[in-house]
Structure formats: structure tokens, C-alpha cells
Participant: 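So that we are looking at the same thing, I have put the structure below in C-alpha cells.
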Amino acid sequence: MNEVYEFVIENLLGLIILLPLLGAIFLHFFGRFIGEPRSGALATLAIAGSFGLAIVASIPMFAGGELAHHPTTVMLWDWMPSIGAAFELRWDPLAAFMTLIVTGVGMLIHIYSVGYMHGDERFPRFFTYLNLFAASMLTLVLANNFAMLFIGWELVGLCSYLLISFWYTKPSAAAAGKKAFVVNRIGDLGFIVGLMIVFTSFGTLSMGEVLELPGEIITAGTATAICLLFLVGAAGKSAQIPLYVWLPDAMEGPTPVSALIHAATMVTAGVYLIARTAALFQLSGTASVVVATVGAATALVAATIAIGQNDIKKVLAYSTVSQLGYMFLAVGATGYVAGLFHLMTHAFFKALLFLAAGSVIHGMHDQQDMRKMGGLLKKMPVTAWTMGVGTLAIAGLFPLSGFWSKDEVLASAFASGGWFMVLWVVGIVTALITAFYITRQFIMVFLGEPRWEEGVEPHESPRTMTLPLVVLAVLAAVAGFVNMPKINPALEHFLEPSLEGIQMAHLESSALIVLLAAVSGSAGIIGIGLATLVYYRGGAFRQWFLDRTRRPFLAWENAYWVDQMFGRTIVLPGKRAAFLTARFDDAVVDGSVNGVGRLTSRLGTALRPLQTGFVRTYGVTLAAAAVGLAIWLLSRGAL
Amino acid sequence: MFDALGASTSWLAIAPEIVLLLAAVVVLAYDIVAKPDNHDVHAAVAIVGIGGAAAFTWAQWRSDLVGQEFFLNMARLDGLSIVVRFLLVAVLGLATVAAWPLLRELGRRGAEMLALMFIATIGFSFLASSGNLVMMFIGLEIGSISLYVLAGITRERRLADEAAMKYFLLGSFASAIFLYGVALFFAGTGSLFLVALPSALASVVFTKPGVILVALGLMAAGLLFKVTAAPFHAWAPDVYQGAPAGVVGFMAAAAKIGGFAALARIVWEAYGPFLDDWQAPLAGIAAISIVVGTLLAIAQSDIRRMLAYSGIAHAGFILIGIATGPASRYAVSFYLAVYTIQLVAAFTVAATVSGPGSSGSAREEYVGLARRAPLLAATLGLMMLAMSGMPVTAGFVAKFGVFREGWIGGLEWLVILALVASVAAFFFYLRVIVDMYFREPVETPGTPKAAPQAPPSVRWMLAIISVATIVLGIYARPLLDFLEASL
Amino acid sequence: MGFPLLAALIVTPIVGAAAVAIVPAARKELHLPIGVAVSLLPIALAGLLFAEFEPSANFQFVEFAAWYPEWGINWHVGVDGIAMPLILLTTLLIPISLAASVAITDRIKLFVIMVLMLEAGLIGVFVSLDLIVFFVFFEAILIPMYFIIGIWGSEDRIYAAIKFFLYTAFGSALMLAGIIALGALSAEQTGVWSFDYLDLLDLELTRQTQGWLFAGFAVAFAIKVPIFPVHTWLPDAHVQAPTAGSVILAGVMLKLGTYGFLRFNLPLFPQATVDAIPIMATLAVIGIVYGAVVAIVQPDLKKLVAYSSVSHLGFIVLGIFALTRAGLEGGVIQMINHGLTTGALFLLVGMIYERRHTKAIADFGGLAKIMPIFAGLFLFMAFASIGLPGLNGFVGEFLILIGSYATLPVYSIIAASGVVLAAIYLLWAYERVFTGEPTKEENKVLSDLNLREISLFVPLVVLIILLGLYPNILLDRISPSTDAVLERVAATSSYELPALDLSAGGE
Amino acid sequence: MPDLDPSWYMGLAAALFLIGAVGMLTRRNALIMFMSVELMLNAVNLTFVAAGRAYGVLDGQLAVFFVLVVAAAEVVVGLAIIVAVFHTRTTANVDALSEMKG
Amino acid sequence: MEAALFVIFGAVSLAGAIAMVTAKNPVYAALGLMATLFSLAVFYIVNLAHLVAAVQVIVYAGAVMTLFLFVIMLIGVDRAEDTSETLRFQRPLVFIVGAAAVGLGVAAVVADEWSWTPLAPAGAEAPNGTMAAVAEQLFSVWALPFEAVSLLLIVASIGAIALAFFAPVRRRKEKSDA
């Protein structure tokens, strides 16, 4: 049996990427001809194939044998030999872990999209992009070379761009897509500079070589520089402060896109990158602190903003930003397993929440404003119940998946001590807020009196959409059990080979573990309760609460005016500077060139009067020249 | 009557001149006696005369007399004289073709024009090939006086008269200055032969060569006037503009050939030992010519004036070679050959577009010429590119040659100046192409511009010059070989 | 000496031009097809060149014939890994730009002849191993381009044509002075004049002499590239030129500058090159950022692409003067990449201009709905230009950035910001032109690309992806030559190779 | 032997040449300008003769002989041009001949 | 003796020259020139150039000056004219150039660059320019120039005919000629 696995790993690994890629290529050229349901089915089939292959290839990883402990690398072909860039794949538990999430969640979202995108005139094109995205994301996680990883890194950005502005006739969608790409590029700038240093220090971009024993090659300072630059890249992709601004706007895209790209997979690439390069981050305590701090800050800020949002998807978007902050907090606090664990559970419950929200939007005829919803529980029971599971999971209610992973994140922060204790407090507060805003959302959507606009007839979504909801709900509920501290640290064991030699934050005391779990768990319960009091119960407390929080609410509703601030301090001056530069180019740079030309021409014109037309003037010049010549000669020869 | 000269007599040494003279006289006599209505006989005589002159020049080149002096050094049969004679005869031949429409327009006066062209050629040939300063002066005057008359041959035109008068007054003034230089040379050396100076240097130690150098200055001034070097140039734009279009190309070309050949002979041969003294002044004049010619050409709106100023700049380019010394004789003669023939072609186009007897060729006449007369436009465009020194035309090889010599000769600054000026020169050369190709004529209603018609002979001539310009640009070997074998 | 392949490459287009010239002017419909057909022959020859090319630093397909031997000028041509890809690019872009010129009806015959002459000249530049031969081609190509811009350009074509010509001619004048000086130095040191590249490599030049000569050559090439601040002819020429002119100009002619640096400045004046690094790198980086910033606010699509060229060419210059293996390789391959993508972008702008007779961004909007194929191609090319990994643009940029960090860390970091700016100006332009609902009535009736137009892009798209994923097909052939240049610079100047390249060079 | 140093004649000739040149440049009557040129040629002739005597050669006199012929020919053509100009403009004032300039 | 002649006729020639340059009436100018020409003939004789002196009187002072006077009468400029300068800067410029020329001569003399006598062959016999002596030279050494100047006469006659003899030809094209 092992031979089969080996064969798959060594020969068919590329196929995992290739299948969706071929799907994308085929659909790009022929999607129009095979029509709506079939193109969706084909795309789903392609990613299902990848999923299947990934499962087969993962079996030895679960088994934890020789194959798991020695990452298999597959050299496909040389790319840029002089900088050690090549197409090489790497299969180890971490890669398997990511691949499974990407293909698994991706497959579910493909299925969901068949229903969601029903009737869209560019239905096949949508699946082209989805498949392309899957291929790109798989390239990212399977790469054993930073250059190849960067291909995936950028291509997922491209797909994000294409999918956000899928409905390009909407100017806001087009603008959002561009914004996402540009902000991501700013992050990539950091990543590229990081890679420059990596190559200059290591002489290669191959991960295997770089991550082998980096401590022997580079100093801590260099490591800090590389890690901080990687952080910039990761912050761009994973929407961390200050580069998170693109993610809320990205909600302009179709909801499955938000679920797949902007919740479950792409945005976690930053976390993956940091986990993957843990060997480097380990060399730099500073970088880890910065990562964790950025993560914690992002978590808190985004969570508060989420409270103030009325758009069903914006809430989830800020929630995603916030949860990604958690993951950063975890990996910053060297809780890599915790971070990845949360990455997984978040993929499940956030995808679930997004898809459910999509289902709501679908049923409400593209209504996204929660103030115009309410009382949908009856009309869309499956959606409501599944979303309920997601809500409780993200709120961290025991024993749903969110509880376990969030607890681990906080535990690793706590375990790191020092400054991380502060971050731990922030994390707890954020947990409370998270529970609050997500409960608020559930109540506004499903409970209370219907506030629908006229003519809206909410209805439950079709089977293709609800099926993934159910599956994800189950996963969101039970995924936490794969990594219960002390009891069943399966994930930790699974990932262990990939994180060999990495010092990780760890709590030894069982009592402490339980205590911390209780603290974080109760924070979630308090948040839920508070939200229920305010939004479900209503009455005097609601009024009291809302009066007290009016001003912060304004700030939250407007996302602390960060977009406006960026607009005023960067975009607008930037534009103005560009205009000025263009004018400078025209007036000064070009002007001086034209000036030289004009001057020459003017000089010619200025000399014309010397040619007076009078023969006697000519005679004088002739005589003067002759005398001058004679004087010159005489002076050279004699005087 | 040449008995007294003994072995120094060689009819071959002056055979081309004799043939040309005979042709001129025959044309005149026939015209007076037969009073013909057409010019067929003129053409036949011209062909025979030019062909004979060319044939005799060739015979000179092939003969074993090369390098010798005849008529007691009054006529020399060295490489320079043969090359110049070839060039003059070629220019005369091409210019005669070009001048034929003018000749028809002039009617009976055409015979005089033809004879004057022939005699002018003889004069410049003497100027270039004599070892005696008085003989050179005579040659200079034969050529110049013929040109004065040619400038005013369309004497009913005010501008032609103006041109002739200006040319004449300034020309004789310059001749007088040249002659005074000759006199001072005589006063300084006691001889009128060029070789006197080097031989005097060999026998007597010149401690105070002042008078000799002043003589050089005055003689050079007279010749620089002929070749339109600034600041001796002032006559050229007015004369080129005013003189009849059909013959102005010849006037410009012949004077430049003769003038440069004589200048080269004087400074290299007689004043060779004084190179340190005259190099800087000549280089200075070259620089002034290049700058003045280029700048003023930019400001012109008349093509012929533009060509005049560009000719001033070209004189500067050639002077780079002259100033370098005799080593640059191939480069200089190549440049001279290429440039003067281009000049003839360019003026031929001007004569066709503006009319053979016209004075002035405004740029506006050339707008959209590429549509009306593609061949003329292509020829003029090519000549502009060649004059600008564009590679793949003979102009580039020519320029490269003198620049190279200048660089070797230590005139790096001058070469760089010339290179920069050639860039500025692109501006006015290219403007002609702009007019002909890029701009569309503003049609005044009712009077569409007629397409200028050139007779087949002229078209062939232009085609041959164009092809030669490109062929020499790609492979100048034959001409260079000829020059190297001759000089 | 076997079949003179390089001479054949140069002569074929000229013969083709003659063939077109023979066709009577009245048969207007024949000229362009014949021109396209003729221009396919050089592709075949270039294919042969590619197939027979051996990946080594030596010059291959060398032809030598006496021309003006006593002046040291000879017909000496040959290609190495630097020139070969550029020849391929040239032969590829010419038929494409010809085939894209169906809109030209006025004097089409002259047009075809000019384009074919241009092709001959461009190939000539890349194969010349004699400096005078090089100069002849370098200068001669100005003429056809001058005509192409001047006759078939848009409103301000005359201004643009003259500016283009004078600007470039100014540079080449100084270069000619440098060339003559080199010949004279050769005469001084060896006793014979020689303009032969290989001979001149053996000259012993003092640091000061190198400096002067470097400056002379550099001005010529800098204008051609163009490097800030001598770039302003480029937007004018591009905007005014007809599509074919823009494509060839951006696709090939700009590369003459960077090619010149690589071929002449570095090997001939190594010490001066090293001394000039701060200046050149500074100008390159300024060009990268400045070109991109100015591109952002251009109201005209063509001008935008033109300024993007300034930015992209800055990368190439930076890569060259980084003096590392990756930098030089990246520079060369980026020349090809830029030729493909920017050429394609100009083609696209030309196609929309033919339909709508405007290039102003403000005149468009929502075109993606009306012309989806066009929009898709534009986006593809835009991303190739932005440097999306997987497409060709990335390979060059990445090599350059990574390669230049070792020697020019600060410069390369600033240059990297060009990556962001490129995304801004191209995607913003895309947003304004293609997204949203089409509002203008004139735009609603536009037709999408037809099969002929699409087919022009097929080779470009294929190459863009191929070079993006498997650049080795060229890099294998480029790197021996660039390594040789690098080693020469290191061996003959005070420059010390970064440790990285020392070890890598030994592979 | 003459008892006067030839340089006296030279000096006189130079003066005459200069006067001729000044006349050329200051008078605007074409005829007088023309006479000035003749004066200049004659000054040259005097130089030739004086220098020839100083060296004891006849060449100077021969040169004068030729210059005389040249001057005569020049006079004929020059006067013809003056007449032709007078024909179209009825003036011998050369300052009137300034239509072409620049 | 010679010095006296030089002073007298030198003064005459200068006076004639200056008269020519300054005379308001062209006829007086011609007469002034004639005086100079005669004075020069005297110098020629003093310098042993007998034949030249004769030719000077016959050809120059006689034929050429007659021609001048004829044209003066022909075109009717035989009256006083305005000699004030109309061109700006012309006279100052002429003065400067003239001064420079004088300066050149003075400088040459002062620097002892104006002396050629040391170069004369020792004991050179002063040549006597009789007709025979000149003729011998003319038809031997100077034979070719002698033939060549005949061309000048042809040119002169053609020129005179071309410019002043024929009736104007009818213009084919009325081009902008004014």
C-alpha cells in the first residue's frame, strides 16, 4: 500500500495543482459552449479530484511514518537557476493540512456556487476563476521554493481581483477589486524585499535549503529583517493592520468568493507563510513579538468595528480580519499549531457563516442590510440552524470547534508570558466582543420582527446550497476535537514533523489549561448574553446600552474612518503628487529639451539680421575676416 | 609658340581644357552663324565636349605622365589635378543635364550659358592644377567671371540681377585680396611658384616669416570666399537664391571644387612647413562656418538659402580635413566629390519644382511634393539625408572620413563640435522631408498645384545620382580606391 | 564559413521591400499581404538561428568580410546570447505590427517598405560586431521610423517625429565621437585602426579615458532607453506614432539602448562602468518610480503605456548596472518581456483607436461588457506588464530585483516599489476603461476583436506564458554571455563580484 | 641700381590698396565701388613691380601684365552687369539691391 | 632723383585715390583714378618696367577708363550724388577694419617682419622690362597663362553679349520675380 502512496506523492503531486488548472483552462475557452450546470460540475469535479488525491497523499502523513518525517520534494523544472528559483513541490504534514482544507472547503464552495450563481450570464467564467484560484492556492501551499510560493501568492491575489470585481459593471466592485490587488501588492513589496535578502543571504530560494538550518547562515538581525518583511507580505494577504482595508471592500464579490477566498483559504496564506518559515521566525524574537502584537491589535480593532456594521457580509468581513488577528497572535506567540488549528476551525465556521449569509442574501433577493431582515428563522430553517452553529462556534461556545482553537490561541499567548500577557488580555476582550457582534448579527437576521422591504419573499435556498451548509455546520461543530490539549492533541502530532526543531509555546499544567479555557469560554458566554440582552430582549437595558455606546458606535460604524484617513493622507496627496510630477515632466524636463531646441532656432533667427542684404555689409565682414585671418596668422607665426 | 618650353610641353596635360574650350567655341560659333531654333546641336557638342574632356582626363590618369609638371610648372599633372578635373567634368556633365530646361527657356542666350559653364570649368581646372600663383589667379578669374555672368544670365529677373551684382562686387573684392596675397608671397619669396616657399625654407633659414603668413592669410581669404566659409560667406545665400535655379548648382559646386583644391594646394604644398601656424586659424574658421551655417540654415524658409547656409556648414566640415594636413587628402576629396554632386542634384530638384529660371524656392512650394512628384521628392529627401551625414548614404562615409582625419590631427574639439552641429543640422534637412512627405498642401480652390515635370534626361540624372549616393554609402571602396590610387 | 545566416536575416527584409516596391502602386490591396508574407521569412531564419545556437559565450554565426580595412572597418557580425533573443523578438514583432496595420490606406506601399527596412536595420544593430557597422545600423533605423511617425502618425506627428529624430541623433553623435576615439586609440596602441569590437576589447584604457568614452556611449544609449531625464521624446513619439510604429518602437527600438549598455559600455569600459554605478542606478531608480508615477495620471492610454515603458526600462538599466549574474540575465530577459507585453499593449490601444478614434481614457468606460475579448486580452497584458508571477514580466523583474539587492540594496528596494505603482496605474486605467456600465453611446456600438486581430495575439500570449513558466528556454542561452560580460568587468576593473556570484559562477 | 628702398613702394601700394578697400566699402555707387576694385588691383601691381625689382626678376612685371588683362576683362563684365541692373532697376545704387537677406 | 619722383607722384597717386573715393560726382572719381594710374605708370618706369608702363597708359588709363566714363554717361549718373552714409555702423566698422589693417602693417614693420631684402639673391641685376625681355619670358615660361588669359577675353565678350546685347527673351513663366 505504501508504494501507492509513494507513487502518488512522488508522481501525482503536480496533478493536485494541475487538475483545477486544466479545469480553468478548459472552462476559459469552452465554458461558454458547455453551458451552465455542466461547467459548474466540471469545475467541482476537478477540485474533487484534487481533494481525492490529497487524501490519498495524506494517508501516510496521518500514519506518521518515514514519509511524514522526511518531507518529499519533487523537482518539476528549473525556473530561474541563477537565483535558485525552481518549480519544486513539497509534501509534508503542513502542506497536506493546508491542501486538505483548501481542496475540501473549496469543493464544498464549488458545490454551493452551482446553486448560488444560478442564472448568472457569466456562470462558466465564475467557475473558471474558482478553479484557477484553487490551482493558485495549491501552488502556494505545495511550493518548496519561495519563488514558486510567490507565484501562488500573487495568483491568488489575481483571482481575488478577478472575483471581487466579477460583477465589473458595478463600479464599486471594480474599485474594490483594484484596491484589493494594490493593497496586496504593497504587502508583496515587503515579501519581495524579504526574498531579496533571503537570496542574498542564502544564495537560493529553495525552501528546503533555506529552512534547513538558517541559524548557521544568517544573524539574528538578518532574520529579523527577513521576518518583518515577510510579515508585511503576510499582513497584506491576511488583512492585518494596516493593510486590512481591502478585505471589507472585497465583499463586493459574490458571496462564495468571500467564503472561499476571503475567509477560508487565501487570507490564511499569511499565517501559513509564517508557520512555514517558523524556522526563520525562531531566530528573531523581535519579529515574533511584532507579529503577535499586530495580530492582537488587529483582532481587537476589527472586532469592535464589526459591532457597528449593518451589512451582513461586512460584519463577517471584519470578523474575518479579527480572527486572522488571532491566528497572527498565535503564530507570533510561537503557538504555530494553535494558529493553524484556528486557521482550520475558522475555515469551517467562517465559510459556513459566509455561505449561510449568502443563502440569506439569495433568499432576500440580494438584500444585504441586516436592518431589513429579521424573523427569517421560520422562512429559512436550514440556513438559520446551520448559521446558528457557526455563530456559536465563532463565539467560542463549548464544545464547538471555535472554543478549542481560540482557547489554544490564548493559551499559547499566555504561555509565552511577558508582553504576551497583555496580548492575552486583549485576546480575551476580543473573544467577548466577537461573541457579542456575532450574536447581534444572528439576532438581527433570524429573530425578532421581520423588517423586510416590500415585495421580498424570503425562501429557503436550493439543495446544492444547503448541503454544503450542513456539512460545514457539522465540521464547525466537531472540528475542535481533533486537537484537544492533553486529551487528544492529534493535530499537534500530525503537524509535528513539519515543525521539527521549532520551540513552541506550551502549557504544561492541566489546571492552568482548564482555567484559561474557562476564562475564554466564559468571555464568549458573556458576549452572547450581553448581545441577547441588548438586541433580543430590548427594553430599557437596550436603550441604556445604546445611549452609552452611541459615540463609539459611530466610530465602529465608520470603521474608525480609516479609509477616509488613508484617502486623505495617502491616496489624495499621492494623486496630487502624481499630477505635479506629470506637470513637472511636461514643463521642466520636456520643457528644457524643447527649450534647447527653441534656443537653437532662436539663435539662428537672431543671427539673420547680420545678413543685411547690403553688399557693403558683406564686404565689411569679408574685409574684417581677411584682416582678422592675417592678424591671427601673423600673431601665431611671428609676434 | 611652345617651342621654347621644350620637354615641358605636353598637350595631354591640358587636353581636357582644350576640348572643353573647343566645345564652347563651337557652340558659340554655331549659334551665331546658324541661328538655330532648337538646341540639338548644342547638346551633341556638349556631349562630345564633356565626353572628350572625361576621356582625356582618363587618359591623363592612365598615362605615365602623372606626377610631372608641364609648361614649366604652370600646369601640373598630379593626383589632385586629375581628381579635381574628373570631378569638375562630372559636375559639368550633370549640371549640363540639369541646366538644359533653363537653356531652352533662355532661347538664343542658352548657347552663351553653355559656353560659360564650359569655360568656368576650364578656369577652375586651371585654378586647381597650377603650380604658379598667377596662373591660379587667372584660372580663378576665368571661373569667377563666368559665374558672375551665369548668376545674372536671366537678366530680366530683378533677383538674378541683384545676385549677379552682389556676386560680382564681392567676388572681385575677394579676388583683389587674393591677388594682394599673391603679391606679398612674391615679395616674401621672390617667386610666384608654390614650390618656392618650401625650397626657400630649405636653403634659407626663415627667421621672420611674417610677410609670408600675411600673404597666406590674404590668399586663403580669397579662396575661402569662393568656398563659402564663414565669415567669408555672406554672398552665398543671396546668390544661391537669386541666381537662376537651373545653373546655381553648377555655380556652387564648381566654385567649391576649385576653391578647395587651390586652398589645399596652397596650404599643404607651399605652406606645409607652417602647419602649426595655419592649423588653428583654419580650424577656427571651420568651427565658425559650421556654427554659423547650421544656425542660420535652421532659420531659413527658402530651400535654396537653406542649401547655401548648409553649404557654409559643409565648407566647415571640409575645412576640418584641410586643417588637418595633407594626410586627409582622400577624405577631403571624397567629401568634396560626394557633397558637390549632391548639391547639383538638390538644386536640380529645386530647378524643376520652382522653374529653371526662377529665383528663390520657398518651402511652401515643396509641401506635399511626395504626392505630386514622387521621384523628385525622393531624390531631394535622399540628398537631404546624405548631406546630413546619414549612414547608408555617401554623406556618412564622407563625414566619417573627415571626422576621422580631424581626430587623428588633434582637432578633437572641432570634431565633437561638428558632430553636435550635424545633429542640429538634421533639423533643417529633415524639415524638407517634413514638407514633402508629412504635410499636405493647403489647396486653394480652383488652382490645384501642378505636378512639376522634369524631362527624362533630368529624371535619369537624378536617379543615377540617387543610386550612386546609396551605393557609395554602402560600399565606397571603388571611389576610395580611385582616390587612393590617384592622390 | 557556412551559410551566412545573419546576412540573410538582414537582406531578406530588404529584398522583400524591393519586391513590394515592384508591385504597382495601383494594386493597393497587395502591398500589405505581400509585406506580411515577406516578413515571415525572417522568422523562419530566426528560428533556424535559435535552433542552431549553442549556449556558450562565444559569438556564433560569425561573418567577416573586408569593407574598409585600412580604416579598420569590416563587415563583422555575429550573435551571442544577448543578441539572439532580441533578434527573435524583432522578427516576431515586425509581421505582427505589419498585420495590425490594415487601417493604413494612404501610401501603404511606402509604409510596408519602411517597416521592412526598419526590420533589416534593427537586426543589423543586434548582430554588428564592428562599431562602425553598429553605428550605421543604429543611425539608419531612424529614417524609416521617422517616416513612419511623420507620415502615418496622428495630429502632432511632425513635432514628434522631429523630436524623436533629433533627440536620438544627438546621442548617437556623441557616440560616434566615442567610436572614432576608440579607433584612434586602437591605432595608437596597436598601430592599426580597428573598430572591431573584439579588437577594442583588448585596448588598455586609463580610467579617465574610459570615463569620457563611457559618457559618450552612455548618452546615446540613455536617450534610446530612455533613462530619466532624457525620456521625454518617448511619450510624444509613442502617442503620435501609428500602431506599428509604437509596437516596434517600444518592442525593439528601446532595447537598443539597454543592449548597447550591455554590449559596449560594460565590456569596453569596465572601470568607468563601475565608477558610474551610482549615477546610473540612481537614474534608473528615478526612472522606475518617476515613470510609474507620471503614468498614473496620464489621460491618454498610449501615453500611459509609454510612461510605463520608462518605468520598465528603468528596471533593465538597474539590472545591468547591478553587475550580478541575476541582474544581467534579468536585464536581458526583461528586454524580451517588455517587448512582448508592451508591444501587445500598444497593439491593443491601436485597435481601440481604430474603432473609436480616441485614446483618451475619459472617453471610454464599461468596455468589458461590449468587447469582452478585448478586455480580457488587455487585462492579460496588463498583468504581464505588472509582473504577475507565471507570466513573463515577473521573471525579468524578479531576477533584476533579487539580483540587484546584493550590490545595490537601497536602490533595489526603492525599485521594488515600482511593482506596486505598476499595479496602480494599469489597474486604474483598466478600471476606468473597461469596468462599470457603458454609458457613452459611441462606445456601445464598438465591435469586439475579429479573428484576424485575435490571431495576432496568439504568439504573444503563448510566449508570455511560456517565458513566464519556462524562461530557461532563453536563460540557458543568455546566461553564458551575460556571465562572460560580468567576468570581464570583474577581471578588468576594481569591481569585486559579490560572493554569491563567485560561487554560483563556478557552476 | 635704384637708390630707393622698394619697401617705400610697398608702403605706398599698401596705402592705395587700403584706400581702394575703404572706397569699396563706403561708396554705394556701383561704378565707384568698381573703380575702387581697380585701384586695389593697381596697388597690387605696384607691389609686384617693386618686389620684382628687389629680387632682380622679371616675374613681377609679367604678373602685372596678366593682372592688367584680368582687370580689363573684369571691367567689361562688371560694367555689363551694372548696365543690366540699371535696366531692371534704373539705379546704380547697390544699397537698393537688398531684396534678398536674412 | 628717384626719391623726388616718389614723393611727387606718390602724393599725386594718393590724392587721386582719395579723390576717387570721396568724389561726389562719378566723373571726378574717374578722373582721380586716372591720375593715380598715371602716377603708377611713372613708378613702373622708375622701376624699369617699361613695357608695363606703356600698357598701363594705353590699356588702363586709356581704354578702361574710357569705358568707365562711357558707362557713367550711359546710365546717366554723371552728377553729384549723396555720399552720406545710410547704413548704420558701416563707417565705424570700416574704420575699425581699416585701423586693424593699418595696425597689422605697422605691427609687421615694427616686428621687422616686413623686410624681404635679405632674401634677395646677392648681386641681383635689376631686370630691365623692355618689350623684348618681357616677350621672351611671356612666350616661354608664361606661355600657358598667356593662352589662358585669352579665355578671359572670350568670357568677357560672352558676358557682355549675354548681359547687355540681346533683346530680352519672352518669359515663359510669370513667376514671382518681383
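Order of the sequence lines fixes the chain letters, A, B, ..., with proteins taken first and strands second; residue numbering starts at 1 for each chain. All values below were derived from every heavy atom in this structure, side-chain atoms included, with hydrogens, water molecules and symmetry-related copies excluded.
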Participant: Do A:F230 and A:F146 make the cut of ring centroids closer than 6.0 angstrom?
Facilitator: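 A:F230 vs A:F146: aromatic centres under 6.0 Å.
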Participant: Would a line drawn from the ring center of A:F123 to the ring center of A:F127 be shorter than 6.0 Å?
Facilitator: yes
Participant: Quick one: what part of C:L379 sits under 4.5 Å from any heavy atom of chain A, side chain, backbone, both or neither?
Facilitator: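 For C:L379, side-chain heavy atoms alone lie under 4.5 Å from chain A.
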Participant: Aromatic rings C:F228 and C:H231: how do their planes relate, parallel, tilted or perpendicular, breaks at 30° and 60°?
Facilitator: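 Because their plane-to-plane angle is under 30°, the rings of C:F228 and C:H231 count as parallel.
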Participant: Given heavy-atom pairs under 4.5 angstrom as the criterion, report whether the side chain, backbone, both or neither of A:F584 touches chain C.
Facilitator: both
Participant: Kindly say whether the aromatic ring centers of A:Y168 and C:F434 come within a distance under 6.0 Å.
Facilitator: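 For A:Y168 and C:F434, the ring centres are not under 6.0 Å apart.
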Participant: Counting only non-hydrogen atoms closer than 4.5 Å, does C:W233 touch chain A with its backbone (N, CA, C, O), its side chain (CB onward), both, or neither?
Facilitator: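 Neither part.
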Participant: Quick check on C:I333 against chain A: is it the side chain, the backbone, both or neither that has a heavy atom closer than 4.5 Å?
Facilitator: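 Neither; nothing under 4.5 Å.
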Participant: Side chain, backbone, both or neither: which part of C:Y159 has a non-hydrogen atom closer than 4.5 Å to chain A?
Facilitator: side chain
Participant: If you count heavy-atom pairs within less than 4.5 Å of chain C, which of A:V183, A:L162, A:L189, A:I192 leads?
Facilitator: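 Of the options given, most contacts go to A:L189.
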Participant: Do you know which of A:V596, A:L195, A:I197 has the most heavy-atom pairs with chain C at a distance under 4.5 angstrom?
Facilitator: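 If we count pairs closer than 4.5 Å to chain C, A:I197 comes out on top.
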Participant: Step through it carefully: locate the ring centre of C:Y425, locate the ring centre of C:Y430, and say whether they are under 6.0 Å apart.
Facilitator: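 Not under 6.0 Å, so no.
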Participant: Minimum heavy-atom separation for A:I217 and A:S201, please, with both atom names.
Facilitator: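 Taking every non-hydrogen atom into account, CG2-O, 3.6 Å.
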Participant: Please determine whether a side-chain nitrogen of the Lys or Arg among A:D590 and A:R583 lies less than 4.0 Å from a carboxylate oxygen of the Asp or Glu.
Facilitator: no
Participant: Can you tell which part of C:L388 gets under 4.5 Å to a heavy atom of chain A, answering side chain, backbone, both or neither?
Facilitator: both
Participant: Given that the side chain runs from C-beta out, which part of A:W77 has a heavy atom under 4.5 Å from chain C: side chain, backbone, both or neither?
Facilitator: side chain
Participant: Under a 4.5 Å cutoff for heavy-atom pairs, which residue among A:L580, A:V198, A:N594 has the most contacts with chain C?
Facilitator: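 Max contact count across the listed options: A:N594.
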Participant: Measure from the ring center of A:F199 to the ring center of C:Y405 and say whether it is less than 6.0 Å.
Facilitator: no
Participant: Nearest heavy-atom pair of C:L323 and C:P498: which atoms, and what distance?
Facilitator: O-CD, 4.2 Å
Participant: Examine whether an atom of A:K179 lies under 4.5 Å from a heavy atom of chain C, and if so say whether it belongs to the side chain, the backbone or both; otherwise answer neither.
Facilitator: neither
Participant: Among A:A147, A:G597, A:A175, which residue has the highest count of heavy-atom pairs closer than 4.5 Å to chain C?
Facilitator: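 Top count of heavy-atom pairs under 4.5 Å with chain C: A:A175.
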Participant: Looking only at heavy atoms and a cut-off of under 4.5 Å, which of A:T581, A:L155, A:I186, A:L205 has the most pairs with chain C?
Facilitator: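 Looking at each option in turn, the highest pair count goes to A:T581.
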Participant: For C:S412, is it the side chain, the backbone, both or neither that has a heavy atom under 4.5 Å from a heavy atom of chain A?
Facilitator: both
Participant: Given a strict heavy-atom distance threshold of 4.5 Å, which part of A:F181 is in contact with chain C: side chain, backbone, both, or neither?
Facilitator: side chain
Participant: Where on C:S479 is there a heavy atom nearer than 4.5 Å to chain A: the side chain, the backbone, both, or neither?
Facilitator: neither
Participant: Please state whether the side chain, the backbone, both or neither of A:V193 comes within less than 4.5 Å of a heavy atom of chain C.
Facilitator: side chain
Participant: Heavy-atom cut-off 4.5 Å, strictly under: side chain, backbone, both or neither for C:E329 against chain A?
Facilitator: side chain
Participant: Could you check, using the six-membered ring where one of them is a Trp, whether C:F457 and C:F380 have ring centers closer than 6.0 angstrom?
Facilitator: no
